[in-house]
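A short worksheet on the structure shown next.
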2 protein chains.
Amino acid sequence: MPDSEPLDAVDTGIVSALSQDARATLTQLAEQVGLSVSSVQARLRRLESRGVITGYRPIVDAEAVGKPLAAFIEISPLDPAQPDNAPELLEHLDEIEACHSIAGDASYMLFVRVASPRELERLIGQIRQAAAVRTRTTIALQTFYEYRPLVPAASEKRPLGR
Amino acid sequence: MPDSEPLDAVDTGIVSALSQDARATLTQLAEQVGLSVSSVQARLRRLESRGVITGYRPIVDAEAVGKPLAAFIEISPLDPAQPDNAPELLEHLDEIEACHSIAGDASYMLFVRVASPRELERLIGQIRQAAAVRTRTTIALQTFYEYRPLVPAASEKRPLGR
DNA sequence: AGTGAAAGAATAAAAGA
DNA sequence: TCTTTTATTCTTTCACT
């Protein structure tokens, strides 16, 4: 439950700079936003402790780590009368990268990555069994882009000097 | 086009550690994998230049940055005879976080984030117009998890001391 | 490829405005 | 809440294995 206080321009600048490179140093961030390093450090810690920033991830080539096959899996309860806690029941399956509840035919949308069609088959079986659901799977053939920055670069927002 | 040489245990360890915290210092990574800092630095640079790691992102609370509404948008060409370069045509829309081509009824699956239903309506209009497609939108009601590490923590793979 | 050491850079903590 | 200062830690480079 992140703090609901709105972000000021400096906070937004920090988040924006990190969105381009989350390994940027405090010194680099400080240059970007025009404050001292210490201030930026305090701001960043506050953003983290308020839950505005909840972690940092590398963008990893899926093939290089042996998971070239991505898919969307929509799931729906077999028995709509049963209590539904599919996200919990599936949390241990670490092939699942994301889990959203959705408005539509299905109850949830998962995004998964696996090594092979064979592994996908196995994973779908595990999902069905673990959560008592039926599934509808859509294979991703090619990823054009993903993990695009949630907050666009600050330099793109005010085309001043460029 | 990332290098296809397979990752050894050390590389995997580095990627795994970064997957938990992409802002980890080289010193921390070195501890994790049991090599010197210099070696880890050289390894990490190599992973980056080979395209195994292509960037770093913060995980940002979508509400805090004013984009509380997420949706999946499937798109299909209005005229299947036309050349199809939808991903390019849509790239400038920075509300689009991801774009995959898919096997299924539709041609592409987008994942988008916007400020409001009104903004979603506007975005869908822009997508239709820019790429000459029809769309099918599924709203995300709640996100249980996302951006889960592609590579699980090394400590979870060999439950030795814990 | 990996190590260790030395110089330079970044971070953390503290004090004051 | 920002800045400056200082101590500590991290990163970088390089000579060597």
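All values derive from a computational prediction rather than experimental measurement.
Map A:Val40 and A:Arg23 each onto its nearest nucleotide of DNA chain D; the residue landing nearer the 5' end is A:Val40.
Here A:Phe111 and B:Phe111 keep their ring centres 6.0 angstrom or further from each other.
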- request: Determine, step by step, whether B:Glu97 and B:Arg57 satisfy the salt bridge (charged side-chain N to carboxylate O under 4.0 Å, His left out) criterion, reporting the C-alpha distance in whole Å, the side-chain angles of both residues, the deciding distance to 0.1 Å, and the verdict.
  value: CA-CA 12 Å; B:Glu97 186 171 307; B:Arg57 296 277 182 270; over 6 Å; no
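Atoms OG1 and CD, from B:Thr27 and B:Gln41 in turn, are 10.0 Å apart once rounded to the nearest 0.5 Å. Atom OG1 of B:Thr12 is separated from atom CG of B:Leu47 by 9.0 Å, given to the nearest 0.5 angstrom.
On the nucleic acid side, DNA chain C contacts chain A at distances under 4.0 Å to non-hydrogen atoms, with the end points of that region at C:dA10 to C:dA13.
For the segment residues 27-39 of chain B, residues with any heavy atom less than 4.0 angstrom from an atom of DNA chain D are, sorted by number, B:Thr27, B:Val37, B:Ser38.
A donor-acceptor pair under 3.5 Å links the side-chain atoms of B:Asp61 to the main chain of B:Ala64, judged by distance alone. For A:Arg148 (side chain) and B:Glu95 (main-chain N/O), no donor-acceptor pair under 3.5 Å exists by modelled atom type.
Applying the 4.0 Å criterion to OP1 and OP2 of D:dT13, one finds that B:Arg45 has a side-chain N or O inside that range.
Rounding to whole angstrom units, CG of residue A:Leu7 and C1' of D:dT1 are separated by 16 Å. For the pair A:Asp8 CG and D:dT1 P, the computed distance is 9 Å after rounding to whole Å. Distance, B:Gln41 CD to D:dT12 C1': 6 Å, rounded to whole Å.
At a threshold of 4.5 Å between side-chain heavy atoms, the hydrophobic network of Ile, Leu, Val, Met, Phe, Trp and Tyr places A:Val65 and A:Leu69 in two separate groups. Transitive grouping of hydrophobic side chains (ILVMFWY, heavy atoms separated by less than 4.5 Å) keeps B:Phe72 and B:Val112 in distinct clusters.
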